[in-house]
Amino acid sequence: MEKNVVNHKSYLDELNDIQRKAVVSGSGPKMVIAGPGSGKTRVLTYRIAYLIQQGIPPHRILALTFTNKAAREMKDRIERVVGAAAKRVIAGTFHSVFARFLRYDAHLIGYPNDFTIYDTDDTKSVVRGIIKKLGLEPKVYQVSAIRSRISMAKSNLITPKLYAANTDLINQDRMNRRPMLQNIYGLYTQELMRAGAMDFDDLLLQMFRLLYENYDNVREKYQEKFDYVLVDEFQDTNYLQYQIIKQFIDYDHSPHNINIVGDDAQSIYSFRGATIENILKFEQDYPQVETFKLEQNYRSTNFIVQAANDVISYNKNQIQKKIWTSEEQGEKIKIEKCISDTEEGRKVASLIIEQKNRHHLKNSEIAILYRTNAQSRTLEEHLRRNNIPYKIFGGLSFYQRKEVKDLVAYLRLTVNYKDNEAMKRVINYPKRGLGNTTVQKIIDIADANEISMWEAVGMVKLSKRAENALLGFGKMIQDFTKRSETQDAYTLASYIAKKSGILDLLQQDNTPEGVSRVENITSLLNGIQEFIDLDEVVEGQDLDAISNKSLAAYLQNITLLTDQDQSDVDDVDHITLMSVHAAKGLEYPSVFVVGMEENLFPSYLSVSDPRQLDEERRLFYVAITRAEKYLTLTYANSRYHYGQVRYNDVSRFLEEIGGDNVDSIISSSNTTAGFGAARSRLSGNFKSLREVKVPELKIDPAQFKPSPNDQIAPGQKVLHLKFGEGEVLAVDGATDNKIATIRFDQVDNPERRIMLRFAKLQILD
DNA sequence: GGGGGCTATGGGGGG
DNA sequence: CATAGCCCCC
């Protein structure tokens, strides 16, 4: 990640020959094959900036990235070259961009525009319900296996009908003793439809259907909408994603302005349907494609680059390329042997302290990467003990906590009555006398009539008591919905937290856990406030989309957060812990890869399949190429797994690194456990950074008195809670949708477009 | 209908 | 080791 502010005229000078050629190339299909650290993001960013300078309107450029964070950072950098217009580029993940499109057009294919997005837990619950309903053996019909099979089918455009007609699939299911899988898939699809819900795959599949079925000529609308489509990390797209992109760009007289960027050696998502075939297919589908290979690495020192080459050379199938660097040799890679996972944690902590002292590293320059999220626990313990602040990305997220899910379920039901998973979650929480029997009755009626539970409520015969309880519940939800028409999401969510009884219930619990649950509810509410406070105009062309601060928009937003998307507003300098998968695209001066053992990395689930083993190796390749200067690899002879000690051999991958690039292997006998001992006294009140943080305000909110927004006029000096002091340059837009252009001198991109509908600005003097 | 405790079972990676 | 589903008892 470059830190320099880009000079408006000379950004092309920052590129090497091949990068520049890729950036300034003309129209038509382009492919950039980019090794790690080869300036891929830079090329993508400047390509877009260049297109805008060539006169392509920014809102006619669609950029699909791997995380929302990557999209944001890209826009920021484009902005430094071409100015605020960059904000209008349509950029985000496949899922979030298509979800946004579907919020306009889902009604054309039978969904409510305010559809719910079912997360993994919701879909598991749906599958579980179907298995129960069909009376199938749960041990044979395993929820996770079925879910991934349905997902695989969807990602390959296989509908339930096509599935049932596909003899290969049917035979596979028969062999696995799961002949009813096709029926489950069919029922699953129906149930989501009934609930007005889409799962993650539907955001792609229904987008495809929308374009393919082409009601109201919606396909032409999208084809006309974009001049350029750019796709990052193309090696990790699946068949369905590729087919959607093709719908956008394949039509009569299309210039086929598609630019893809990727690296086959970093393909690590085949488990969710990603296929390298897409790159090969791309060259066939667009024979006129112009290809650029970026092989010079600007990230890492030579020992690290060579180690990466050593490792990846063990994979037979790959597009030939060799990354190289003109950087110094640097420090050799350190390999640390540990007796146990506990010792590994201790050692990593003390090595971090040592490294920080020796190389003057900040915490933020250090990352610990692991193969499985479960490995974070031991590490956390030792970091805490040594008073090293850390933050964990991924794993169990804030939004998966019970109390958060409960409140979110109320919000979901308020937006979409048909959301059965939300309904089941809160119909009797807090307790209101609607037990299993009543709920089951409602489910049965709903199933029999193929309607949602909400719609079935009126048709169920119940005891007087249950009926009254149900009536009260229904009235309450309807009241919430009514309020949603006038109140903003924060006010409404706070009201719901109180009125539903959730807050009261949690506040009765005075144990530390209970207190933290209340805190989490508060954090959630703060998050909603933050969401609606984002008053900045982000995209230009669809004012409706931007100004949508509805609950529905908020809910969609939180469901589609990626692991890298958690807020980096943070006052504490912290090290980073995450899975190797989550580290994709990131870089750190110092990287620790822990758990380098057989059956862990590579995973025991992959060791017997050569193709999966190759993917594990690519994953390791990704891991080591995250490091700029210092790379430390650790392994432990013994490790707890399921609460039992397991003994593992050292990972084969370590042996694949040429000895020239590795420092002597340090034995575990004389460890230095005492580094952090003196500091541990301080660690008592150290707080884990897992919690979502409320951003630090530059201004004391108590001193802040917002002025009425209709008084905002050009020339005024104003105060903004997040951006500080600024000068109003202009006010434009319709009466009820005014936008102020304000220059804030204390922030990076000083000129901001602020929507007065949501803005809180204090006029100074 | 509600609550508590027990047991079995899962844990690879993620939008 | 952690959790969720399930069974049993009030």
Side-chain angles (χ1 to χ4, degrees), chain A residues 64-68 92-99 117-125 128-129 131-132 138-139 142-145 147-148 151 154-155 198-205 233 236-238 240-241 267-274 341 369-378 393-397 399-400 402 428-441 462-463 465-466 469 556-565 578-584 595 599-607 612 615-616 618-620 622-623 639-646:
Chain A
L64 297 164
T65 56
F66 205 69
T67 66
N68 297 307
T93 64
F94 278 84
H95 290 87
S96 65
V97 168
F98 295 163
I117 300 171
Y118 272 8
D119 67 13
T120 308
D121 288 342
D122 295 318
T123 60
K124 275 186 180 163
S125 161
R128 206 174 287 122
I131 290 164
K132 211 168 168 183
K139 286 199 185 72
Q142 285 179 328
V143 173
S144 55
R147 234 185 51 85
S148 77
S151 172
K154 287 182 162 182
S155 309
M198 297 195 197
D199 63 16
F200 290 126
D201 298 311
D202 279 327
L203 296 175
L204 310 175
L205 182 62
E233 308 283 8
D236 285 323
T237 55
N238 63 32
L240 174 53
Q241 285 167 321
S267 162
I268 54 173
Y269 280 100
S270 74
F271 70 90
R272 66 180 203 214
D341 48 352
L369 310 182
Y370 33 74
R371 178 64 182 84
T372 67
N373 283 310
Q375 287 165 256
S376 70
R377 188 168 285 269
T378 328
F393 285 76
L396 195 98
S397 91
Y399 298 100
Q400 286 173 323
K402 186 192 174 305
N428 197 33
Y429 179 83
K431 298 264 180 296
R432 53 177 68 86
L434 295 167
N436 291 334
T437 325
T438 309
V439 173
Q440 197 52 54
K441 273 186 199 165
L462 296 169
S463 68
R465 221 174 60 180
Q556 184 176 295
N557 207 288
I558 59 169
T559 318
L560 296 177
L561 291 177
T562 68
D563 268 356
Q564 287 183 16
D565 289 334
M578 62 174 106
S579 70
V580 182
H581 280 91
K584 184 185 171 83
N599 298 316
L600 183 60
F601 200 175
S603 158
Y604 68 105
L605 292 159
S606 300
V607 286
Q612 287 194 54
E615 177 148 322
E616 295 280 324
R618 291 192 294 270
L619 188 59
F620 184 51
V622 169
R639 179 179 299 278
Y640 274 92
H641 187 241
Y642 286 162
Q644 272 184 334
V645 183
R646 290 290 173 86

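Naming: A, B, ... by sequence-line order, numbering from 1 per chain.
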Hey, does the side chain of [X] reach the backbone of [Y] with a donor-acceptor pair shorter than 3.5 angstrom?
X      : Y      : value
A:N238 : A:Q241 : yes
A:N428 : A:R432 : yes
A:S603 : A:L600 : no

Ignoring backbone atoms, test whether [X] places a side-chain nitrogen or oxygen under 4.0 Å from the OP1 or OP2 oxygen of [N].
X      : N      : value
A:K139 : B:dT9  : yes
A:T438 : B:dG1  : yes
A:N238 : B:dG15 : no
A:Q142 : B:dG10 : yes

> Yes or no on side-chain contact (heavy atoms from CB on, under 4.5 Å) for A:Y269 and A:E233, after CA distance, side-chain angles and deciding distance?
Replying inline: CA-CA 11 Å; A:Y269 280 100; A:E233 308 283 8; over 6 Å; no

Roughly, in whole Å, what's the span from [atom1] in [X] to [atom2] in [N]?
X      : N      : atom1 : atom2 : result
A:R147 : B:dG13 : CZ    : P     : 14 Å
A:N68  : B:dG15 : CG    : P     : 9 Å
A:L561 : B:dG15 : CG    : P     : 9 Å
A:N428 : B:dG1  : CG    : C1'   : 9 Å
A:Q644 : B:dT9  : CD    : C1'   : 13 Å
A:K124 : B:dG14 : NZ    : C1'   : 12 Å
A:I117 : B:dG14 : CD1   : P     : 19 Å
A:F601 : B:dG12 : CZ    : P     : 15 Å

So if I take every side-chain heavy atom of [X] and compare against [options], which nucleotide ends up nearest?
X      : options               : value
A:A582 : B:dG14, B:dG15, B:dT9 : B:dG14
A:R465 : B:dG12, B:dG1, B:dG14 : B:dG1
A:L605 : B:dG14, B:dG12, B:dG2 : B:dG12
A:T372 : B:dT9, B:dG15, B:dG12 : B:dG12
A:N373 : B:dG3, B:dG14, B:dG12 : B:dG14

> For A:S579 and A:G433, take the nucleotide of DNA chain B holding the closest heavy atom to each; which residue's nucleotide lies nearer the 5' end?
Replying inline: A:G433

> Considering heavy-atom distances to DNA chain B, does A:L434 or A:Q375 have its closest nucleotide positioned more toward the 5' end?
Replying inline: A:L434

>> Going by the rule salt bridge (charged side-chain N to carboxylate O under 4.0 Å, His left out), which residues pair with A:D119 if we only count those two or more places apart in sequence or in a different chain?
In response: A:K405

> For A:D122, what residues pass the salt bridge (charged side-chain N to carboxylate O under 4.0 Å, His left out) criterion, not counting sequence neighbours?
Replying inline: A:R412

>> For a 4.0 angstrom threshold against heavy atoms of chain A, report the outermost contacting nucleotides of DNA chain C in 5' to 3' order.
In response: C:dC1 to C:dG5

>> Applying a 3.5 angstrom cut-off to the pairing atoms, does DNA chain B sit in any stems of at least three consecutive Watson-Crick or G-U pairs? List them by first number.
In response: B:1-10 with C:1-10

>> Does atom CZ (A:F271) have a neighbourhood of more than 12 heavy atoms from anything else shown, all under 6.0 Å?
In response: yes

> How is A:Y604 classified with respect to the nucleic acid when contacts are heavy atoms under 4.0 Å: base, sugar-phosphate, or nothing?
Replying inline: sugar-phosphate

> With sugar-phosphate meaning primed atoms plus P, OP1 and OP2, does A:Y269 contact a base, only sugar-phosphate, or nothing at under 4.0 Å between heavy atoms?
Replying inline: sugar-phosphate

>> I'd like to check the ring-ring contact (aromatic ring centres under 6.0 Å, His included) partners of A:H641; sequence neighbours left out, ordered by chain and number.
In response: none

> In chain order, what residues pass the ring-ring contact (aromatic ring centres under 6.0 Å, His included) check against A:Y429, with sequence neighbours excluded?
Replying inline: none

> Does the side-chain ring of A:F271 sit on the six-membered ring of the B:dG13 base, less than 5.5 Å centre to centre and under 30° in tilt?
Replying inline: yes

> With under 30° as parallel and over 60° as perpendicular, where do the rings of A:H95 and A:F200 fit, or are they tilted in between?
Replying inline: perpendicular

> Do NZ/NE/NH1/NH2 and the carboxylate oxygens of A:D199 and A:K154 come within less than 4.0 Å?
Replying inline: yes

Go through the N and O atoms of the side chain of [X] and the base of [N], and report whether any donor-acceptor pair is under 3.5 Å.
X      : N      : result
A:E616 : B:dG13 : no
A:D201 : B:dG15 : yes
A:T67  : B:dG15 : no

